[in-house]
Amino acid sequence: MPKKRVAILISGRGSNMVALIAAAKAKDYPAEIALVLSNRPDAAGLARASAEGIATEVVDHTAFGKDREGFERALHTALEERSIDLVCLAGFMRLLTPWFVRRWEGRLINIHPALLPDFKGLDTHERAIAAGATFHGATVHFVVPEMDSGPTIVQERLRIAPTDSADTLAARVLEIEHRIYPQALALVASGHVKMIDGACRRDFS
Ligand code: GRF
């Protein structure tokens, strides 16, 4: 089976992007990273991707003002021009409209630093501590129009320590993220996991 062509969408430092690029170097990994795309020209991850020899592109959302769909049309065109099969959101800080999400349904995945459906949205580590949660972690899921709500592909948890601050917890969760995002992408790229009728279907036959 040919490797799936993957684009990683970032807005910042790109540590999950680096983990995906590293995993995709393995000969038998079912995906290749064909593009790193940022909505911010100053995203630190762009230089890290270039250093790895990966094509990069910037679609600056500020150039589109309030025209969200115009921004997403530009994203969509950039992805099509590179014949992208799958899109990984990795710290991509723009909400995507149903227009874009429907076009990439089943081929668009995201990582969220919490045990979804708990703690959707931002500041997950602070909120998990404030809520007195026992467990916390990270989730890779298919993207659906409603934010942080698609079916889970891989989730891994840790126990919150009494000594954890939001920062230490973020660092511990990030280690999980770097492990499970490559696993989840491999599951989707190999066809073992699919989103069908809004649910995750697993087939290892
Ligand atoms: C990660 O915690 C990810 O889960 C969240 O944003 C952060 C991005 O970090 N969506 P990085 O850019 O991958 O280092």
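For ligands, and for the atoms within them, numbers begin at 1 and follow the listed sequence.
Other members of the hydrophobic cluster containing L95, listed by chain and number, are M147; membership follows side-chain contacts under 4.5 Å among ILVMFWY residues, whether direct or relayed.
Within a 6.0 Å radius of CZ in R40, no more than 12 heavy atoms belonging to other residues, nucleotides or ligands are found. Within 6.0 Å of atom NZ in K194, 12 or fewer heavy atoms from other residues, nucleotides or ligands are found, so the atom counts as exposed in its surroundings.
In this view, H141 satisfies the ring pair (Phe, Tyr, Trp, His ring centres under 6.0 Å) rule with no residue, not counting sequence neighbours. With sequence neighbours excluded, the residues that form a side chain to side chain donor-acceptor pair (under 3.5 Å) with D60 are T62.
Contacts of ligand 1 (protein heavy-atom distance under 4.0 Å) are R13, G14, S15, N16, G91, I111, P113, E177.
Ionic pairing of E175 and R179 is not present here: no N-O contact between side-chain nitrogen and carboxylate oxygen is shorter than 4.0 angstrom.
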